[in-house]
Amino acid sequence: MTETEKRDQRQSPRLKYEASVELESDDRFYTGFSRNISGGGLFVAVASPPPVGTRLTVRFRLPTHPDPVEAEAEVRWVRDGSGDLMPGMGVRFLSLPDRVSAAIDQYLKQHESLFFDE
């Protein structure tokens, strides 16, 4: 799937957001950095992303939320880092507490979208 096709499938705006992220599956622990965020998930830059479909617990901080965020997520797509693109994965939030969803929405409203409709 191309970057354009992925972008076209998104249901909420995506914003640049760089923060340390911890991810944990049943048998592995990953650390990386988010590159962007939306109400639906994150892109996380990691050297060796787990396979598509892997369920993870994701932990990160938001400037609009006082406590660390913890959410259940699923790997939706991976990028191996070939070419000029950094390796990483797109994760979709499976469950977000209402207060975390509100904090993400507040962050998104305070900033401009990375993509603009022409």
Side-chain angles (χ1 to χ4, degrees):
M1 181 178 301
T2 68
E3 292 296 315
T4 301
E5 289 170 331
K6 289 177 203 163
R7 187 179 319 135
D8 291 344
Q9 288 185 334
R10 291 189 181 97
Q11 296 178 357
S12 57
R14 177 172 66 141
L15 298 176
K16 181 177 182 178
Y17 181 66
E18 296 180 358
S20 177
V21 179
E22 297 177 351
L23 306 108
E24 187 175 351
S25 68
D26 287 339
D27 60 350
R28 289 199 60 192
F29 183 79
Y30 305 84
T31 59
F33 290 92
S34 65
R35 304 303 287 174
N36 58 61
I37 189 170
S38 75
L42 292 167
F43 172 76
V44 183
V46 293
S48 298
V52 170
T54 302
R55 296 217 173 195
L56 304 163
T57 300
V58 179
R59 293 177 197 89
F60 61 97
R61 288 192 169 272
L62 278 171
T64 53
H65 191 64
D67 302 315
V69 171
E70 182 171 302
E72 296 304 310
E74 177 182 42
V75 177
R76 296 293 291 163
W77 56 271
V78 298
R79 190 164 62 198
D80 65 8
S82 59
D84 294 335
L85 301 173
M86 77 175 54
M89 61 187 156
V91 298
R92 178 182 62 150
F93 299 131
L94 297 176
S95 64
L96 284 175
D98 289 342
R99 67 187 188 288
V100 173
S101 184
I104 291 172
D105 288 346
Q106 181 182 359
Y107 179 79
L108 294 173
K109 288 176 186 173
Q110 292 175 353
H111 300 82
E112 292 183 29
S113 176
L114 283 173
F115 301 105
F116 303 95
D117 292 331
E118 296 183 29

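In this text the structure is predicted, and so the values were computed from the model without any measurement. When a residue number appears, it is its place in the shown sequence, counting from 1.
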When you compare the side chain of Met89 with that of Val46, does any pair of heavy atoms fall below 4.5 Å?
yes
Side chain to side chain contact (heavy atoms under 4.5 Å, CB included) between Ser25 and Tyr30: does it pass, once the steps are laid out?
CA-CA 8 Å; Ser25 68; Tyr30 305 84; 4.2 Å; yes
How are the rings of Trp77 and Phe43 set relative to one another: parallel (under 30°), tilted (30 to 60°) or perpendicular (over 60°)?
parallel
Atom pair CD/CZ of Glu74 and Arg55 - distance to nearest 0.5 Å
5.0 Å
Where do Val100 and Phe93 land on the side chain to side chain contact (heavy atoms under 4.5 Å, CB included) test, with the steps shown first?
CA-CA 11 Å; Val100 173; Phe93 299 131; over 6 Å; no
Scanning both residues in full, the closest heavy-atom pair of Pro49 with Gly88 reads CG-O, 3.5 Å
Looking only at atom types and distance, does a side-chain atom of Ser34 sit under 3.5 Å from a main-chain N or O of Tyr17, one as donor and one as acceptor?
yes
Do Ile37 and Ile104 touch side chain to side chain, with heavy atoms closer than 4.5 Å?
yes
Which of Val44, Leu23, Val21 passes side-chain contact (heavy atoms from CB on, under 4.5 Å) with Leu56? Answer is Leu23
For Val75 versus Pro51, what's the shortest heavy-atom pair and its separation?
CB-O, 3.6 Å
Test Glu18 against Phe33 for side chain to side chain contact (heavy atoms under 4.5 Å, CB included), laying out the working first.
CA-CA 6 Å; Glu18 296 180 358; Phe33 290 92; over 6 Å; no
Full working for side chain to side chain contact (heavy atoms under 4.5 Å, CB included) between Arg35 and Met86:
CA-CA 10 Å; Arg35 304 303 287 174; Met86 77 175 54; 3.6 Å; yes
Show every donor-acceptor pair shorter than 3.5 Å between a side-chain atom in residues 60-72 and any protein atom, with sequence neighbours excluded, or say none if there are none.
{"unit_1": "Thr64", "atom_1": "OG1", "unit_2": "Ala103", "atom_2": "O", "d": "2.7"}
{"unit_1": "Glu70", "atom_1": "OE1", "unit_2": "Arg59", "atom_2": "NE", "d": "3.0"}
{"unit_1": "Glu72", "atom_1": "OE1", "unit_2": "Thr57", "atom_2": "OG1", "d": "3.4"}
{"unit_1": "Glu72", "atom_1": "OE2", "unit_2": "Thr57", "atom_2": "OG1", "d": "3.1"}

Any idea which heavy atoms bring Leu108 and Gly39 closest together, and the distance?
CD1-N, 3.7 Å
Write down the atom of Tyr107, the atom of Lys16, and the distance for their closest heavy-atom approach.
OH-O, 3.3 Å
